[in-house]
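Working notes, beginning with the structure itself.
Not measured: the values here are computed from a predicted model. In the text below, chain A, chain B and the rest are named by the order of the sequence lines, each starting its count at 1.
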There are 2 protein chains.
Amino acid sequence: MDIPADIRTPLDDLRHRVPKLTEAAIDYGLLAQRTGFSVKLVWILGYGLLMRAIGDDGITPQRFSMLELIGCNPGLQQIQLGNALGLSRSAATLSIDFWEDRGCVQRRADKADRRSFGIYLTEHGEAELARLRALVLEADTALTGALTEAETAELRRLLGKIHL
Amino acid sequence: MDIPADIRTPLDDLRHRVPKLTEAAIDYGLLAQRTGFSVKLVWILGYGLLMRAIGDDGITPQRFSMLELIGCNPGLQQIQLGNALGLSRSAATLSIDFWEDRGCVQRRADKADRRSFGIYLTEHGEAELARLRALVLEADTALTGALTEAETAELRRLLGKIHL
DNA sequence: TATTGTTATACTCTATAACTATA
DNA sequence: TATAGTTATAGAGTATAACAATA
């Protein structure tokens with residue numbers, strides 16, 4: 001499975017969004033020493049990489065996360081999906097609306113509690129999720145392209161120690 | 001110099017914004033394996049930590065970055081400041097307006113080119129920047145509180161390898 | 001009364017484009 | 001013509017609050 005050329009060397013085209021802290025012309029002072037600032041720069045790169053890999057402005061990383069969550073947890077309530085991604089009820093509604101409009105998810109009435117729905121992928125949604133997963137994996141691999149596998153594993157371990 | 005109590009144990013109060021990927025109830029699927037997703041979660045934590053440490057909704061991490069940049073590079077043009085932070089001209093204007101309204105920065109006419117200004121800190125701005133730097137450093141230290149110093153250094157090295 | 005979902009609304013941040021004044 | 005800065009405007013994404021239906 002070849003990685004498309006525009007994903008293989010991806011970061012260089014996105015660097016205009018991200019300051020080079022070592023450039024002589026500008027002194028970044030404290031920013032250059034802040035872990036949080038480095039995290040932000042890498043987040044910007046990862047976001048841009050993912051957007052480009054997906055190639056559809058409507059499908060943001062956040063919306064992909066929603067679709068992935070639905071695929072892995074069929075039947076969840078909207079409020080549970082929202083909580084799992086740190087979204088308000090209304091933001092979850094809108095995110096699910098987006099995928100419903102694209103024919104990827106279905107709201108099924110919950111017979112036990114008629115206030116709520118169970119959210120499920122449609123067949124088309126399954127296919128779309130499979131397609132996107134491949135792109136997302138490639139973009140994520142590209143993000144750590146400058147690192148060895150051992151370094152990538154260590155990076156993930158350290159990030160996980162912070163947020164887990 | 002003691003770290004305030006609400007910064008010393010900071011992450012726990014912010015976790016509601018950040019899913020625990022290992023929780024049994026929900027399967028995060030691909031998301032749990034994505035470096036980019038972990039980066040995002042850590043970014044959310046760092047952002048929240050910094051906002052809380054600063055304790056002034058107007059002063060965002062982005063605006064702090066602008067002030068720090070002005071402090072470290074007095075006399076830069078607005079457009080240069082914007083470029084250094086990945087901002088458009090209009091966004092840079094607004095960010096500098098914010099600090100000017102607070103009496104922290106000054107636009108000084110450039111005698112050689114009357115279209116542009118040199119941006120400088122005021123005395124009050126110097127003091128404000130010094131005050132904020134201490135808070136920012138504490139918040140950044142708190143972000144990596146779960147890591148040893150060696151681990152924090154390694155995390156920074158790995159992040160730098162990606163964005164530098 | 002409390003909860004699920006929807007809708008209306010407002011807010012923040014951003015970029016683009018039009019505009020002014022210089023160059 | 002091009003550039004620095006400002007302003008007007010629009011877009012995306014979010015949250016809060018009011019609302020309807022149901023518990």
5' to 3', nucleotides 15-23 of chain D under a 4.0 Å protein heavy-atom cut-off (B base, S sugar-phosphate only, - none) gives BB----BBS

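Residues passing the salt bridge (charged side-chain N to carboxylate O under 4.0 Å, His left out) test with A/R157 are A/E154, B/E151, sequence neighbours excluded. Considering only residues two or more places apart in sequence or on other chains, A/R114 meets the salt bridge (charged side-chain N to carboxylate O under 4.0 Å, His left out) condition with none of them.
In the helix from C/dT1-D/dA23 to C/dA23-D/dT1, the rotation axis of the first five pairs and that of the last five pairs differ in direction by 20°, rounded to 10 degrees.
Bounding nucleotides for the chain B contact on DNA chain C, 5' to 3', at a heavy-atom distance below 4.0 Å, are C/dC13 to C/dA23.
For residues 92-106 of chain A, the pairs satisfying side chain to side chain donor-acceptor pair (under 3.5 Å) are A/D56-A/R102, A/Q78-A/T93, A/D97-A/R107, A/E100-A/R107, A/Q106-A/R108, with sequence neighbours left out. Pairs engaging residues 113-155 of chain B under the ring pair (Phe, Tyr, Trp, His ring centres under 6.0 Å) rule: none recorded [sequence neighbours left out]. Screening residues 42-68 of chain A for ring pair (Phe, Tyr, Trp, His ring centres under 6.0 Å) gives A/W43-A/Y47, A/W43-B/W43 as the qualifying pairs, with residues at least two apart or on separate chains. Pairs passing the salt bridge (Lys or Arg N to Asp or Glu O under 4.0 Å) check and including a residue from residues 31-46 of chain B, sequence neighbours excluded, read A/D140-B/R34. Judged as a salt bridge (Lys or Arg N to Asp or Glu O under 4.0 Å), the pairs with a partner in residues 119-132 of chain B (not counting sequence neighbours) are, in order, B/E128-B/R131. Sequence neighbours left out, the pairs with a member in residues 57-76 of chain B that pass side chain to side chain donor-acceptor pair (under 3.5 Å) are B/E68-B/R133.
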| query | Going through the checks in order, is the side-chain contact (heavy atoms from CB on, under 4.5 Å) test met by B/L155 and A/L155? | reply | CA-CA 6 Å; B/L155 174 60; A/L155 175 60; 3.5 Å; yes

message: One pair to check against side-chain contact (heavy atoms from CB on, under 4.5 Å): A/L41 and A/F37. What are the steps and the verdict?
response: CA-CA 6 Å; A/L41 299 186; A/F37 195 71; 4.0 Å; yes

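Put simply, CD1 on B/I119 is 13 Å from C1' on D/dT6, counting in whole angstrom units. For the pair A/F98 CZ and D/dA12 P, the computed distance is 11 Å after rounding to whole Å.
Within residues 63-85 of chain B, the residues having any heavy atom closer than 4.0 Å to DNA chain D are, in order of number, B/Q77, B/Q78, B/I79.
Contact between B/D27 and A/L69 at its shortest, heavy atoms only, is O-CD1, 3.8 Å. Closest of all the heavy-atom pairs between A/M51 and A/P61 is SD-CD, 3.5 Å. Contact between B/G29 and A/C72 at its shortest, heavy atoms only, is CA-SG, 3.6 Å.
Residue B/S116 is in sugar-phosphate contact alone, with no base atom involved, counting any heavy-atom pair closer than 4.0 Å across all strands shown.
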